[in-house]
> 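Structure below; questions to follow.
No experiment lies behind these values; they were computed from the predicted model shown.
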Amino acid sequence: MGQVTTKQVMDTFELDLISGEEGTGRHIPISDISRPGLEMAGYFTHYPANRVQLLGKTELSFFAMLDAAERKDRMMKLCTDDTPAIIIAHGEKVPQELIFASSKRHVPVLSTRMSTTRFSSLLTNYLESQLAPTTAVHGVLVDIYGIGVLITGKSGVGKSETALELVKKGHRLVADDCVEIHQEGENTLVGHPPKLIEHLLEIRGVGIIDIMTLFGASAVRTFKRISLVIDLELWDAEKTYDRLGLEEEKMRIIDTDLTKLTIPVRPGRNLSVIIEVAAMNYRLKRMGVNAAEEFSKRLDDVISMDTN
């Protein structure tokens, strides 16, 4: 899982630092944002102190109605050792009680001119992306007809060579050799290349080639949602491979199960065409067209007619 500091949020959204500069290195552990309305009323029993606290017009207008002792008490309780930041929306004036409490507890107080709702949405999306669970997989990620296909297999089986042929056919390379994957949401995995090897492809006997330089910007993508896993393995005569496609194998990455196809590799098999067809067939299945199930149904009808 990635890490985000208050300083990163401040720089990303160009927020103004009001006070508590010593705490800008604090880590933000979760993407949830709190709008402490109940806390302004004095209810701190379930105060989520480890969240970014966002104060808008509603919270500040209520706060202004409190007496001096209550205002000081609320802000001292709002600023804890676990609070990553307190952000004031709409460019509202920051209460002096908050500045005092933040300076004492070293809690950064930031300000934005954006509305509370819009900033909350933007910050939540940013934090969810940065704090999403991540992993890395050895393989090649290619965008084929809009389907993100992760090609896996043992070293030397032909993953990169197949990806090169797919790029020549007009498909787009996302990552070769190492695919960094993060989970953006439920059942949503997004893959991208490490910066060091972005746009690069390694072909044994040729070396490292730059796909964007050779084939143009349209031949690469910086990220892609992964929908299908195709595992290449050397042909094993003792193994029985799926010939109908009725059973769907799954591969779990982080917390998401992806459809997985195992493609045997041997001389004479055109892997790029097979993978293209697999991607198109996957799309058809998601649209409700399943050739294997239709064939099975026809077969059952024929058998039923013969027995009658």
> With a 3.5 Å distance limit and no angle check, can you tell me whether R71 reaches the backbone of L66 through a side-chain donor-acceptor pair?
yes

> Got a sec, which residues hit salt bridge (Lys or Arg N to Asp or Glu O under 4.0 Å) with K260, two or more places apart in sequence or on another chain?
E249

> Residues two or more places apart in sequence or in another chain: which of them pass salt bridge (Lys or Arg N to Asp or Glu O under 4.0 Å) with E186?
none

> Step through the shown structure and confirm whether more than 12 heavy atoms of other residues, nucleotides or ligands are within 6.0 Å of CZ on R252.
yes

> Among residues at least two apart in sequence or on other chains, which ones pass ring pair (Phe, Tyr, Trp, His ring centres under 6.0 Å) with Y126?
F13

> Excluding sequence neighbours, so at least two apart, what forms ring pair (Phe, Tyr, Trp, His ring centres under 6.0 Å) with H106?
none

> Spell out, as yes or no, whether a donor-acceptor pair under 3.5 Å connects the side chain of E59 to the backbone of G56.
yes

> Can a side-chain donor-acceptor contact be found between T124 and S121 if the only test is distance below 3.5 angstrom?
no

> Ignoring hydrogens and geometry beyond distance, is a side-chain donor-acceptor pair present between S102 and S19 at under 3.5 Å?
yes

> I'd like to know if the side chain of S129 and the backbone of N125 have a donor-acceptor N/O pair within less than 3.5 Å.
no

> I'd like to know if the side chain of S272 and the backbone of E165 have a donor-acceptor N/O pair within less than 3.5 Å.
no

> Rounded to the nearest 0.5 Å, what's the gap from NZ on K224 to CD1 on I181? Could you check?
14.0 Å

> Ignoring hydrogens and angles, write down the donor-acceptor pairs under 3.5 Å from the side chains of residues 145-154, residues two or more places apart or on other chains.
{"from": "Y145", "atom 1": "OH", "to": "E276", "atom 2": "OE2", "distance (Å)": "3.4"}
{"from": "T152", "atom 1": "OG1", "to": "D231", "atom 2": "OD1", "distance (Å)": "2.8"}

> Can you pull the ring-ring contact (aromatic ring centres under 6.0 Å, His included) pairs that have at least one residue in residues 50-76, sequence neighbours excluded?
none

> Please list, chain by chain and in numerical order, all residues satisfying salt bridge (Lys or Arg N to Asp or Glu O under 4.0 Å) with R266, sequence neighbours excluded.
none

> Answer yes or no: is there a donor N or O on one side and an acceptor on the other, between the side chain of E92 and the main chain of A89, under 3.5 Å?
no

> Would you list the pairs meeting side-chain hydrogen bond (donor to acceptor under 3.5 Å, both in side chains) in which at least one residue belongs to residues 201-214, sequence neighbours left out?
S155-R204, D210-T213

> Would T117 and S120 count as a side chain to side chain donor-acceptor pair (under 3.5 Å) if you check the C-alpha gap in whole Å, the side-chain angles of each, and the deciding distance to 0.1 Å?
CA-CA 5 Å; T117 303; S120 176; over 6 Å; no

> Would you check if there is a donor-acceptor pair between the side chains of T112 and R118 at a distance under 3.5 Å?
no

> Only pairs at least two apart or in different chains count here, so list each salt bridge (Lys or Arg N to Asp or Glu O under 4.0 Å) that has a residue in residues 143-153.
D143-R172, D143-R221

> List the residues meeting side-chain contact (heavy atoms from CB on, under 4.5 Å) with Q183, not counting sequence neighbours, and say none if there are none.
P133, L189, I254, D255, T256

> From L200 CG over to D176 CG, what is the distance, rounded to the nearest 0.5 angstrom?
8.5 Å

> Please tell me whether H182 and E184 have a donor and an acceptor in their side chains that are separated by less than 3.5 angstrom.
yes

> Does K159 form a salt bridge (Lys or Arg N to Asp or Glu O under 4.0 Å) with E161? I'd like the steps, not just the answer.
CA-CA 6 Å; K159 299 184 297 295; E161 290 80 358; over 6 Å; no

> My understanding is that only residues two or more places apart in sequence, or in another chain, count here; which of them pass ring pair (Phe, Tyr, Trp, His ring centres under 6.0 Å) with F215?
none

> Donor-acceptor pair, distance only, cut-off 3.5 Å: does the side chain of R35 make one with the backbone of Q53?
no

> Side chains of residues 37-50: which donor-acceptor partners sit under 3.5 Å, not counting sequence neighbours?
{"from": "Y47", "atom 1": "OH", "to": "L78", "atom 2": "O", "distance (Å)": "2.6"}

> Using modelled atom types and a 3.5 Å cut-off, is there a donor and acceptor pairing between side-chain atoms of E198 and backbone atoms of L196?
no

